[in-house]
Amino acid sequence: ILRYSILVSALCKQGMMEEAEGLFKEMNEKGLSPDRVVYNTLIDGYSCLGNTEKAFTLYQEMERRGIAPNVVTYNVLIKGLCRKHMFQEAINLLKVMDIVGLVPKVVTYNIIINGHVKDGNIEEGFKLFEEMQEKGLAPDIVTYSTLINGLCKEGRLHEAEYCWKEMLDRRIAPNIKVYNTLLDGHCRFGNMQKAFSLQRAMQRDGFKPNIISYNALINGLRREGNMLEAEDLWNRLVDEGLCPDVVTYNLMIDGYLSSGDTHKALQLYEQIENKGLEPT
RNA sequence: GCGUACUCGCCUCA
């Protein structure tokens with residue numbers, strides 16, 4: 001059953017639900033009854049694909065078979081609802097949890113807050129941020145990162161920095177993801193000076209910029225039409241042992257095309273053969 | 001063994 005659940009999880013992450021269902025059937029036929037983890041995994045798979053109906057069908061099925069949903073079950077259901085912007089339904093599930101005696105975790109709130117952020121409604125996110133604390137749940141690094149991300153995406157960088165400081169005041173140690181979030185915020189709104197100084201700060205703090213950090217910076221330069229500096233960064237990341245990924249290629253190709261450098265764009269396009277595809 | 005945050009695009013929602 002452990003092997004199955006690992007396999008099912010891998011398939012769900014790839015969105016290969018037919019295959020996952022196949023394994024699920026196979027388990028049933030072999031008389032191995034899928035446990036809660038397997039159900040949660042499948043429900044999560046469908047939630048990620050936006051198939052809420054199927055997710056809820058499985059939820060009902062597990063209840064019918066006497067497998068009690070746990071917090072993770074509700075978390076993944078809530079995630080699916082948030083993805084479809086069904087926030088009221090998500091809140092209703094919180095109530096259901098309460099009725100069945102399950103206590104939402106920080107993760108549960110983080111999921112909903114992120115849903116609001118992706119929906120462009122950060123104010124709702126802050127309301128939940130308050131609410132979770134009233135319930136005695138302490139925001140963690142993901143909570144802060146989610147809120148900082150929301151503020152950054154709206155160009156509210158001062159508030160993002162304030163939020164960042166509050167996080168540090170609470171003795172929550174930053175990680176590379178939060179640094180990248182803020183870094184991208186500065187890049188996105190044209191403050192490359194700040195972005196580079198933040199990059200230095202993260203290094204001082206012991207975090208080596210990763211490919212995501214570089215992509216954010218390159219994207220900022222690309223927006224400014226500064227492909228020369230973008231190339232410098234490309235070289236630097238390679239020097240540091242990082243490998244440009246599909247995103248890096250897409251950004252550079254797009255930048256070269258915008259600046260009319262079709263040749264360079266084509267060169268990169270050809271190099272990409274060994275990798276994944278490119279949109280734009 | 002399952003769930004939450006960061007970069008281009010896609011998908012999804014309205």
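In the text below, chain A, chain B and the rest are named by the order of the sequence lines, each starting its count at 1. Basis for what follows: all heavy atoms, side chains included, without hydrogens, waters or symmetry-related copies.
With no hydrogens or angles considered, no side-chain donor-acceptor pair links Y46(A) and E53(A) at under 3.5 Å.
Looking at residues 169-180 of chain A, you'll see N175(A), K177(A), N180(A) sit with a heavy atom under 4.0 Å from some atom of RNA chain B.
Using a 4.5 Å heavy-atom cutoff, the side chains of M227(A) and M252(A) are in contact. The closest side-chain heavy-atom distance from K105(A) to L137(A) is not below 4.5 Å. Within the 4.5 Å cutoff, side-chain heavy atoms of L217(A) are placed close to those of M192(A).
For a distance-only test at 3.5 Å, the side chain of S145(A) qualifies as a donor-acceptor partner of the base of rA5(B). Within 3.5 Å, no donor on the side chain of D254(A) pairs with an acceptor on the base of rG9(B), nor the reverse.
Checked against the 6.0 Å centroid threshold, Y269(A) and Y256(A) do not count as a close aromatic pair. Aromatic ring centres of Y74(A) and Y59(A): separated by under 6.0 Å.
Not counting sequence neighbours, R236(A) has no partner by the salt bridge (Lys or Arg N to Asp or Glu O under 4.0 Å) test.
With rounding to whole Å, M62(A) atom CE is found 15 Å from rC2(B) atom P. Following rounding to the nearest Å, W164(A) (CH2) and rC6(B) (C1') show an atom-to-atom distance of 12 Å.
Here R188(A) does not reach the OP1 or OP2 of rC6(B): none of its side-chain N or O atoms lies under 4.0 Å away.
Each of I141(A) and T73(A) was matched to the nucleotide of RNA chain B holding its nearest heavy atom; the match closer to the 5' end belongs to T73(A).
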Check: protein-nucleotides 10-12 of chain B nitrogen or oxygen pairs below 3.5 Å:
from    : atom 1 : to     : atom 2 : distance (Å)
rC11(B) : O2     : R83(A) : NH2    : 3.1

